[in-house]
Amino acid sequence: MRRIRAAAIGAVTLSLALAASACGGGSSTDGGGSNDSPKTLTYWASNQGASITVDKKVLKPELDKFEKQTGIRVKLEVIPWSELLNRILTATTSGQGPDVLNIGNTWSASLQASGALLPWDTKNFGSIGGKDRFVDSALGSTGARGEDPAAVPLYSMAYALYYNKKMFADAGISKPPATWDELVADGKKLSKDGKWGLGAEGANLSENIHQVFVFAKQHGADFFTADGKPDFTSEGAVTAIKQYVDLMAKDKIIAPGNAEYAQNQSLSDFAKGKTAMVLWQTASATLASLGMKDDEWGVAPAPVRSGTPGSGTSVNSMVAGINLAVFKNTDNHDGALKFVKFMTSDAEQKILNKAYGSIPPVKAAQSDPAFNTKATAALRETLAKSAAALPQVADESQFETSVGTAVKELLADAAGGRPVTTESVKAKLEKAQQQMPAK
């Protein structure tokens, strides 16, 4: 399954989480928490596979292996992305959470600011083999700059363009588009007879953020200033969001119904031949689970405005991924560190990332041939050369909610035939910026 994160704050607001400090439990250790329950751990895993059942089948044998090695039993709960952030925020405010948990890497700085997560200082990193085992791009999404990371990279992902080979051949298209102009031109050839050029998840707030973040980078814009203040209405940001929404509103290569998609329906449409292209993170495992054969699809770097992917205005993906965090008030501090060491070991990194079609953030594990296939080579290249981390600021989760909602509303306007203009985009972004905490 796709790692799309629905950043719905709901009744529990992030501001409450940031105001709360973790509640201690039992005798403390140097790193926080206690060792009052040394024989058990509770682990909240994010839904990475095609279903929660699939995740349990992947994880259970590995957790049994950990128990055999350490004598520590792991209580597993796999949580859907639509619920995960709310569950974590509730845990940070109440002090009642798991020992170890998965977090979307874009949330690292926000959750770090709550004070509820164990800081990964030199000592803690040393207990799992050292910080230098991890690739730099993954470490760049583990918390605010200048502070000890709030989590450890577990799975790395990047966006790529997946395309249906038969639909391309039938339309006389010989190669995947490398620029947005090419993608729009190809998309128009493909959008006919009830089929569409490109799929999107328009009602998924975090998916919207991932896409417009890349478009903004390509227009030389960021959504935050260097000192962490919201900057949503710059010319580059407005232009970027209009370009993305215009794929539906003006170019008409995204089906209007995609404005309501939030549960990976666009990938399902792609697997069924209803959509010819989709921008997705590590899709191969899910495509197989949906019945699509490997030789039916191709993968290429996500488009840029011109030239080839790289840094600066040639960024073509956010640094996607899942991090592993420890609650500071864990009652099995030592066991939690052992579990993180186990999950990030070279052997487990190969097993888990193969199962999910992701890329190991541990350098040594990337040498496995499984991570140099058609499905993974483009992702590795993107992570190494042309991906950028989303802003590692305390307000990042509110940014996902406010700007993600603005994009959702603009796509709904496009789907409903209402005009999407530069002025309407800017107005939505001004409203989104007003919803951010005052500095």
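Excluded from the calculations below are hydrogen atoms, water molecules and symmetry mates; all remaining heavy atoms, backbone and side chain alike, are included.
- Every pair passing side-chain hydrogen bond (donor to acceptor under 3.5 Å, both in side chains) that includes a residue from residues 126-151 is listed here, sequence neighbours excluded: R133-D346.
- By the 30° and 60° cut-offs, the orientation of the rings of F342 relative to F66 is tilted.
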As a quick check of understanding, evaluate side-chain hydrogen bond (donor to acceptor under 3.5 Å, both in side chains) for E207 and Q211, giving each step before the final call. CA-CA 6 Å; E207 167 70 2; Q211 302 297 349; 2.8 Å; yes
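- For T275 (side chain) and M277 (main-chain N/O), no donor-acceptor pair under 3.5 Å exists by modelled atom type.
- More than 12 heavy atoms of other shown residues, nucleotides or ligands fall within 6.0 angstrom of atom NZ in K65.
- Within the 3.5 Å criterion, the main-chain N or O of T313 finds no donor-acceptor partner in the side chain of Q218.
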- Task: Dump the intermediate steps for ring-ring contact (aromatic ring centres under 6.0 Å, His included) on F232 and F399, then the final yes or no.
- Result: CA-CA 9 Å; F232 300 167; F399 159 60; 5.6 Å; yes
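- For K341, the side-chain contact (heavy atoms from CB on, under 4.5 Å) partners are I128, not counting sequence neighbours.
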Trace of the side-chain hydrogen bond (donor to acceptor under 3.5 Å, both in side chains) decision for E400 with T106: CA-CA 9 Å; E400 288 196 23; T106 65; 2.7 Å; yes
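- A donor-acceptor contact shorter than 3.5 Å links the side chain of Q265 to the backbone of A262.
- In terms of modelled atom types and a separation under 3.5 Å, the side chain of D395 and the main chain of P230 share no donor-acceptor contact.
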Worksheet item: Yes or no on ring-ring contact (aromatic ring centres under 6.0 Å, His included) for W280 and Y162, after CA distance, side-chain angles and deciding distance?
Response: CA-CA 7 Å; W280 213 263; Y162 293 82; 8.3 Å; no
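- Ion pairing between a basic and an acidic side chain is recognised when a charged N comes within 4.0 Å of a carboxylate O; D64 and K68 show no such pairing.
- Under a 4.0 Å N-O distance rule, the pair E296/K293 does not qualify as a salt bridge.
- Atom CG of L63 is separated from atom NZ of K56 by 12.0 Å, given to the nearest 0.5 angstrom.
- Using a cutoff of 4.0 Å between basic side-chain nitrogens and carboxylate oxygens, K175 and E182 are not scored as salt-bridged.
- W180 does not carry R305 over the face of its six-membered ring by the limits of under 6.0 Å from the centre and within 45° of the normal.
- In the model, D99 has no side-chain atom that pairs as donor or acceptor with a side-chain atom of N332 under 3.5 Å.
- Taken from OH in Y356 to CE in M157, the straight-line distance is 10.5 Å, to the nearest 0.5 Å.
- For the pair K166 and W297, the cation-pi test (distance below 6.0 Å, angle within 45°) is failed.
- Nearest approach of S108 to I103, heavy atoms of both residues: OG-CD1, 3.8 Å.
- The shortest non-hydrogen separation linking A116 to T92 is CB-CG2, 3.7 Å.
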- Determine, stepwise, if the pair T225 / D227 fulfils side-chain hydrogen bond (donor to acceptor under 3.5 Å, both in side chains). CA-CA 5 Å; T225 62; D227 58 355; 2.3 Å; yes
Using side-chain hydrogen bond (donor to acceptor under 3.5 Å, both in side chains), reason through N102 and Y43 one step at a time and then give a plain yes or no. CA-CA 8 Å; N102 287 7; Y43 174 39; 2.7 Å; yes
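- Atom CG of N105 sits about 5.0 Å away from atom CG of N323, to the nearest 0.5 Å.
- A salt bridge does not link K165 to D295: none of the charged side-chain nitrogens sits closer than 4.0 Å to a carboxylate oxygen.
- A ring-centre distance under 6.0 Å is found for W107 and W81.
- Remark: side-chain polar atoms of D368 are not paired, donor with acceptor, to backbone N or O of F371 under 3.5 angstrom.
- When all heavy atoms are compared, the tightest approach of G273 to M167 is O-SD, 3.5 Å.
- To the nearest 0.5 angstrom, W44 atom CH2 is 7.5 Å from L101 atom CG.
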